[in-house]
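Following: one structure in structure tokens, then a few remarks.
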Amino acid sequence: MLLSLRLIISGDAELWSIVLLSLRVSLTAVIIAAVIGMPTGAALAVGRFSGRRAAIVLINALMGLPPVVVGLLVYLLLSNSGPLGVLQLLYTPTAMIIAQVVLVTPIIAALTRQVVEDLDCEYAEQLRSMGVSRIASVPTLLWDGRLSLVTALLAGFGRAIAEVGAVIIVGGNINHVTRVMTTTIALETSKGNLALALALGTILIVIAILVNAALGILGTPSQRIAHA
Amino acid sequence: MLLSLRLIISGDAELWSIVLLSLRVSLTAVIIAAVIGMPTGAALAVGRFSGRRAAIVLINALMGLPPVVVGLLVYLLLSNSGPLGVLQLLYTPTAMIIAQVVLVTPIIAALTRQVVEDLDCEYAEQLRSMGVSRIASVPTLLWDGRLSLVTALLAGFGRAIAEVGAVIIVGGNINHVTRVMTTTIALETSKGNLALALALGTILIVIAILVNAALGILGTPSQRIAHA
Amino acid sequence: MRDVATAFDAENVLAGAASHTPRQAQSILPISVRDLAYTVGAKQLVKIDRLTLTPGAPTIILGPNGAGKSLLLRLMHGLIEPTTGEVLFGHEPMNARIRRRQAMVFQRPVVLRRSVRANVDYALAAHGMRGRKRRKRLEELLEMGGLAPMMRQAARSLSGGEQQRLALVRAVAAGPELLFLDEPTSSLDPGATQHIEALVHRFAESGMKIVMVTHDIGQARRLAGEVVFMHRGHVVEQSPAAEFFDKPKSQAACDFVAGRLLA
Amino acid sequence: MRDVATAFDAENVLAGAASHTPRQAQSILPISVRDLAYTVGAKQLVKIDRLTLTPGAPTIILGPNGAGKSLLLRLMHGLIEPTTGEVLFGHEPMNARIRRRQAMVFQRPVVLRRSVRANVDYALAAHGMRGRKRRKRLEELLEMGGLAPMMRQAARSLSGGEQQRLALVRAVAAGPELLFLDEPTSSLDPGATQHIEALVHRFAESGMKIVMVTHDIGQARRLAGEVVFMHRGHVVEQSPAAEFFDKPKSQAACDFVAGRLLA
Amino acid sequence: AQDKFIVVQSTTSTQNSGLFDAILPKFAEKSGIEVRVVAVGTGQAIKNAENGDGDVLLVHAKPAEEKFVAEGWGVERHDVMYNDFVIVGPAGDPAGVAGSNDAVASLKKIAESQSPFASRGDDSGTHKAELRLWKEAGTDVASASGGWYRETGSGMGATLNTGVGMGAYILTDRATWISYGNKRDYKVLVEGDPKLFNQYGVILVNPEKHPNVKAEEGQAFIDWLIGPEGQAAIADFKIDGQQLFFPNAD
Ligand SMILES: Nc1ncnc2c1ncn2[C@@H]1O[C@H](COP(=O)(O)OP(=O)(O)OP(=O)(O)O)[C@@H](O)[C@H]1O
Ligand SMILES: Nc1ncnc2c1ncn2[C@@H]1O[C@H](COP(=O)(O)OP(=O)(O)OP(=O)(O)O)[C@@H](O)[C@H]1O
Ligand SMILES: [Mg+2]
Ligand SMILES: [Mg+2]
């Protein structure tokens, strides 16, 4: 605790650059994942295609994608001897964002599916009557369900900001380049500097709380209107 | 792929013991986390105490607990020089379960809060009219919301089965004792046996799919009744 | 929903009451509303200085859409907190003990995501009924609501009228002494409406206080002991039924009864 | 909800229609129901061999609770798939083009979690209306439903009657040629009921086909061109209004009108 | 970050010791080339290099390195520096090996007394060295795995954490040990045996295999490292007065 306080107050420049990189990578990843995952999840909720059940099971299962595996896949993709090697993205923040997007998208999609399905259960016939096709109803459902969807976003953010397995493989935890909070914590742990590692962990959680407080405002019950 | 297939078919005894330990640890952890997290989440949803908002932000933020940090905390707790050292739990599957419970409970609690709050929005006045106190309404809301809560469980399971940071610290990834799928994958990766690591990853995902298919049945839309 | 059933049921409802809510020393009546105001943002939705509902024949609340009838019921039943003022039962404000002695049927029934049977049973359990007695009562209630044939069906899949009947029997499950009804027959067919009116009549006669909102003037005439007329959140008048219907004190009431009043 | 408004609005509804749904060569009428059955599990909820609804005065569907009225409307409007049989509009089965030319007001209104204004605007947008024209239409509709004063309010917080009015104006937003109404005045006050009846009457006169379910026999008498009487999932009779009300063919219908029929 | 940079694939021991943080700035200052170090398991480092995801490989597993060059993945191997392995253990020293300078004998004692021993078990340079010693000691550790012999299958630091946590003996490289922060009551018990010698080598990844290897900059780094300045920098790197690595480039 003390240590973390001292670290924060001393406003150690290096620490801050690490914190900022963590936020940059994870927030970017979550935004991209949301842009992909929310429509996907909503489509799964309203779609009436065959194999829908299977797709839902799959997306739910993908919430269990191991970060290390995702890291490896992205590594093999971006490696110089991999298909996208030419892009020279390995060991860059971009690579870390890609890995986290893969990791977080299923989480946001699966949770969105749940929320949207519950809402659709109420809206479906009304929208259909208004001539809104299943697919056209997606934006409506996402919009009217936004308060509940905030939690899905936060779950995705939690996963992104906390994971280390994927970013360390594709980022390489290179000092000043791809070192983020979690990789630093892992490094300090392996150096046996447990106190420092915990201090950094505390900072990470404090940051998570701040981000949640910010995003959370959107999803607070006070904004709901009780049913007449 | 091929490799994983061969591994599975060859039914390598060692592999299976690892797989089973993974399942044992994660499923136990999720069950315990559900027992703690669901009532907590529901209470947060229906409670009307001061500081509720703060509590919700906190629980949401704790979805971002870094596995490594959780691992360290549990490590310090259970290590011989720690408060619970006498229990001699460090480097046992029990320690891994404890760590995963800490990791998963906030996820289940936060997602439960969301689901229950949406349902309560509909039930609150009716239950109140029937003289059911806020707290007494928790079981009712959890039961009637069970279809939607399945996804929360699955999210928790996904996190547990996939994480490596915590279990490797408190379990020590000791061969034949506390080695699970994710720690094995991490090990093979560090050995440079990427193909084998990926094969194991594939197996892990297949397992996740099976578990989801099993649990998922409960939460399939077919079981819902459209509103009159 | 055989008519023979009803007489029998009506007693039973109170039997239910008597049996498990031993009449407390002091009654929960009269209901006294004092300086009650309910405001949302800048809008004052309900403003009632004095209103007293005494034991006896049913009180029917009339008024145009948006007059504040449902809000008033929810305020009295303690489902929403007034911005200012208070509601007293006897001489006490709402509390758990008082709540168990009253019930309400919502304008828009809320049925639990369970079978019809489970919905009624839930209410009985909530009032602490157990075992054989509860099972017996459950059957009586399903019978009373004409729901026995569909008791295993998901309550959500009931027709509008069936849901409304379910809501009613669920409300009287534990034999309340005070019953708030918010347009309880709005989606019932003529037969069911007569049936429910008969029930309400019997409930009232056997001592249950009924406070009911309706838009059916005929129904009001048939059931009302007194009428409370609301308009724009205020109680414009409170008079004995006979009086109200042949010469209402207020112009608004006149127009309303004639269907000339425009919200 | 001034009465002057209504005359003006009624035309406008069709104006709306004319303007954006250029009358197709063939009309979507008559509605022909053929061997229609809707079954859940073992329960046959609706079974109708032949039913034809022709253009002209409103068709009123009467029947006890649980007769299958709402299911029939949902089947005809294509919200649920029949187990067997089909519904034809003109000579075509339901399709996107036909759907845009009809609308429905549900027994239990479903309002979007948005402001009153946004709810109506959504319907207009859904029918592809844009810009100035849409804004103008929006105001007319809010006016017609007497909702202008509360247009910024969350639709969920409207009173029961207000929500029902919102549902109605939303349904007629794009000027349908065919309108299904499921007990549209069940929670309206006498004034609003008269107002809506007047509207329905005008809509019908200006060529809109109305298919309406109600439990208000008086209302049925006032509006009906023909009556379809349902009982236990079957159409027991279909007769011109006058005929139906002075000498119904079936005993069930007799009892029903007299309020003697028990579900 | 400068625009000119190379990627060095190396092992956790070198990174954890803090060596790179100490010497790289000096090279960057001189050459204007930023050195980006990816520290992973030895096996993974070599694999990554074979994939061309690094310009220079710096590890301590001589046989594997020579194989790497023989197969044409690398251009040429140079000795850079050495340090030594030590056996650390709890002050209690259940196997009574303290003060010994005979690694093999000590391991025998540990095996006989069935005292817990934590092995990296990850095919790393350290792990391979350890296995060589067990072989000489004639102990079949495979059969003891899960019992007193515990393979943590993780990096040096993680293995130290685990070992310290369960009061086990651990073979570690001195550099990691000195810079290690979670020692508790642990001490170096066995050291000074020539068999505990730990040689580090550096290799330029073969540009003919991977065209986008930055051969020029990579070679520049190697030349500096095995040249007088680099060697001096290595020698100067000390933690509380102790030198961690001993330059021995030929
Ligand atoms: N949260 C709110 N914000 C603004 N206005 C509200 C809110 N809740 C209710 N109102 C308004 O309060 C008025 C009274 O509502 P209430 O439901 O009591 O009417 P009512 O008399 O029951 O009408 P009805 O006969 O249609 O059921 C309505 O005009 C409604 O729009
Ligand atoms: N999923 C279902 N399973 C079983 N029965 C059902 C289901 N859905 C509807 N029903 C039954 O079908 C019957 C017809 O329902 P419907 O809503 O059409 O009645 P209705 O004529 O509209 O009655 P009301 O006048 O009360 O609105 C009802 O008895 C209802 O209980
Ligand atoms: Mg009302
Ligand atoms: Mg109906």
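Residue numbers begin at 1 in each chain, while the letters A, B, ... track the order of the sequences.
A:Thr151 touches chain B through backbone and side chain together, each having a heavy atom under 4.5 Å away. Contact of A:Ile209 with chain B is made through backbone and side chain together, with heavy-atom distances under 4.5 Å. For a residue to count as touching a neighbouring chain, one of its non-hydrogen atoms must lie under 4.5 Å from one of that chain's; by this rule A:Leu119 does not touch chain B. With a threshold of 4.5 angstrom between heavy atoms, A:Leu76 approaches chain B through side-chain atoms but not through N, CA, C or O. Proximity to chain B is absent for every atom of A:Ile107, based on heavy atoms less than 4.5 angstrom apart.
For chain B, the option among A:Leu72, A:Thr189, A:Ile161, A:Val70 with the highest count of heavy-atom pairs below 4.5 Å is A:Leu72. Of the residues considered (B:Gly64, B:Ala45, B:Ala160), B:Gly64 shows the highest number of contacts with chain A, using heavy-atom pairs under 4.5 Å. Your options are A:Ala162, A:Gly201, A:Ala197, and the one with the most heavy-atom pairs under 4.5 Å with chain B is A:Ala162.
One finds the CZ atom of A:Arg159 at 13.0 Å from the CG atom of B:Leu65 (value rounded to the nearest 0.5 Å). Here the straight-line distance linking atom CD of B:Glu122 with atom CD of A:Glu122 works out to 8.0 Å at 0.5 Å rounding. Here A:Asn212 contributes atom CG and B:Ile59 contributes atom CD1; the two are 11.0 Å apart, rounded to the nearest 0.5 Å.
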For this session: Please report the C-alpha distance between A:Leu111 and B:Leu111 in whole Å, then the side-chain angles of each, then the deciding distance to 0.1 Å, and finally whether the side chain to side chain contact (heavy atoms under 4.5 Å, CB included) criterion is met.
Result: CA-CA 9 Å; A:Leu111 297 178; B:Leu111 297 178; 3.8 Å; yes
Problem set entry | Test log, rule side chain to side chain contact (heavy atoms under 4.5 Å, CB included), inputs A:Leu198 and B:Val69 | CA-CA 6 Å; A:Leu198 276 181; B:Val69 175; 4.2 Å; yes
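Closest approach of A:Asp118 and B:Ser148 over heavy atoms only: OD2-OG, 3.0 Å. Nearest heavy-atom pair, B:Pro66 versus A:Ile205, reported as atom, atom and distance to 0.1 Å: CD-CG1, 4.2 Å.
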